[in-house]
Amino acid sequence: FAALLAQVMELFPENPGDMTLALFDDAGRLAHQVGAARTMDAGAEPAAVVSLAPEWPHWEIRAYESGAAAGASPRAFLTLGLLVLGVFVVSILAGGALLTGQAVRNARDAVRKTTFVSNVSHELKTPLTSIRMYAELLSENRVSDESKRSHYLQVIVAEAQRLARLVNNMLDFSRLEQGRKRYRVESLDAAVFLREFADAHRLRLQQAGMNMTIDIPDGPIRIMADRDALEQTLLNLVDNAVKYAGKGGTLDVTLEDAGAEVRIHVKDRGPGVPEAHRERIFEKFHRVDDTLTSEQPGSGLG
């Protein structure tokens with residue numbers, strides 16, 4: 001509204017002669033004025049008054065004339081008429097531009113949400129299919145080799161963990177969108193936390209052909225953080241490394257104690273985010289549309 005009001009103020013002539021033009025808001029306060037202020041002395045009657053309703057309910061433009069010209073002159077009405085016409089034209093154009101922009105944004109969001117639902121459905125279906133297939137093989141006793149049975153069980157566990165991560169991502173996104181996300185901040189040892197995280201995901205990275213290296217200072221490093229949120233953040237980074245940086249071969253995790261703050265660095269040897277997309281890295285549903293990402297499933301939330 002401030003931008004629209006600024007455009008309307010520009011319609012007022014800089015030098016209206018012996019006439020004063022004043023714009024009053026819906027509370028009767030003076031919003032803008034051009035001309036000699038003496039023509040608006042207390043108790044002075046305007047030569048003409050025009051309402052800006054319905055586009056601007058209760059807003060008015062008043063014209064005041066001084067000296068012998070005082071009174072309801074045709075000149076005042078003509079000036080006000082031209083001003084009101086300009087206000088209405090500006091309001092219609094600005095409103096149309098806003099509606100068009102909103103429609104474009106809504107259409108873009110609708111496409112992104114549809115793509116998001118499609119991607120999520122595919123991502124949920126993939127681990128479920130693997131779990132069902134291997135579970136059926138084991139339940140029907142069709143696997144006699146003990147090493148194969150052990151491998152199938154590992155696959156089921158890994159796919160179940162992957163499914164849990166996907167569901168947690170979607171639940172967190174839903175809570176953030178609705179403003180219902182609550183963080184449980186507690187004191188934890190970042191060094192112990194990071195070592196446990198690395199141990200839990202080292203095998204998964206090895207299966208993807210990657211090696212994880214960690215650089216953690218000796219001794220405890222206390223921080224105040226939400227353990228689950230911190231773990232989810234690191235999981236997203238690991239997931240992205242597995243999807244897009246597997247050929248790099250290495251994932252380096254470093255814990256840096258900088259005194260007033262603690263930094264965790266996660267660095268891979270992958271192709272990286274193209275420069276043109278870096279400003280949109282935190283935009284929901286956005287994915288780089290190239291061969292690399294099109295070959296990898298994803299929802300654009302990690």
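For reference, positions follow the sequence shown, starting with 1.
- Of the residues Thr250, Asn211, Val238, the one that meets the side chain to side chain contact (heavy atoms under 4.5 Å, CB included) test with Leu205 is Val238.
- Between Arg269 and Asp252, at least one side-chain nitrogen of the basic residue sits less than 4.0 Å from a carboxylate oxygen of the acidic one, meeting the salt-bridge criterion.
- Between Asp26 and Pro57 there is no side-chain heavy-atom pair separated by less than 4.5 Å.
- Leu230 has its side chain out of reach of Phe197: every pair of non-hydrogen atoms, C-beta onward, lies at least 4.5 Å apart.
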Could you walk me through whether Leu128 and Leu163 pass the side-chain contact (heavy atoms from CB on, under 4.5 Å) test, one step at a time?
CA-CA 8 Å; Leu128 284 173; Leu163 189 60; 3.6 Å; yes
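- The closest side-chain heavy-atom distance from Glu186 to Arg227 is below 4.5 Å.
- Residues Leu234 and Val253 fail the side-chain proximity criterion, which asks for heavy atoms closer than 4.5 Å.
- Heavy-atom minimum distance, Asp226 versus Arg184: OD2-N, 2.6 Å.
- Closest heavy-atom contact between Leu188 and Phe193: CD1-CB, 4.1 Å.
- Remark: side-chain polar atoms of Arg202 are paired, donor with acceptor, to backbone N or O of Met212 under 3.5 angstrom.
- Taking the side chain as every heavy atom from C-beta outward, Ile214 and Leu194 never approach each other to under 4.5 Å.
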Evaluate the side-chain contact (heavy atoms from CB on, under 4.5 Å) criterion for residues Ile221 and Leu255: first the C-alpha distance (whole Å), next the side-chain angles of each, then the deciding distance (0.1 Å), finally the verdict.
CA-CA 9 Å; Ile221 300 178; Leu255 179 63; 3.6 Å; yes
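- With a 4.5 Å cut-off on side-chain heavy atoms, Asp25 and Leu30 do not count as touching.
- Taking CG of Asp239 as the start and NE2 of His201 as the end, the distance is 8.5 Å to the nearest 0.5 Å.
- Ring pair His151/Tyr134 is perpendicular by interplanar angle, where above 60° counts as perpendicular and below 30° as parallel.
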Does the pair Gln232 and Asp228 meet the rule for a side-chain contact (heavy atoms from CB on, under 4.5 Å), with working shown?
CA-CA 6 Å; Gln232 188 64 45; Asp228 292 338; over 6 Å; no
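- Smallest separation of non-hydrogen atoms from Ser187 and Arg222: OG-NH2, 3.1 Å.
- Between the CG atom in Leu235 and the CD atom in Glu231 there is a gap of 5.5 Å [rounded to 0.5 Å].
- The minimum heavy-atom distance linking Ser147 with Asp145 is given by the pair OG-OD1, 2.7 Å.
- Inter-residue side-chain proximity for Lys267 and Leu251 is flagged as unmet; no heavy-atom pair is nearer than 4.5 Å.
- One hydrophobic cluster, built from ILVMFWY side chains closer than 4.5 Å, holds both Leu138 and Met133.
- Under the side-chain hydrogen bond (donor to acceptor under 3.5 Å, both in side chains) criterion, Arg132 pairs with Glu136, sequence neighbours left out.
- When all heavy atoms of Gly219 and Ala191 are compared, the pair lying nearest together is O-CB, 3.9 Å.
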Set out, in order, the CA-CA distance, both residues' side-chain angles and the distance that settles side-chain contact (heavy atoms from CB on, under 4.5 Å) for Ile131 and Val155, then state yes or no.
CA-CA 8 Å; Ile131 291 172; Val155 171; over 6 Å; no
From CA spacing to verdict: salt bridge (charged side-chain N to carboxylate O under 4.0 Å, His left out), Lys148, Glu146
CA-CA 5 Å; Lys148 286 187 177 181; Glu146 189 61 33; over 6 Å; no
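- In terms of heavy-atom proximity, Ala258 sits nearest to Arg263 at CB-NH1, 3.6 Å.
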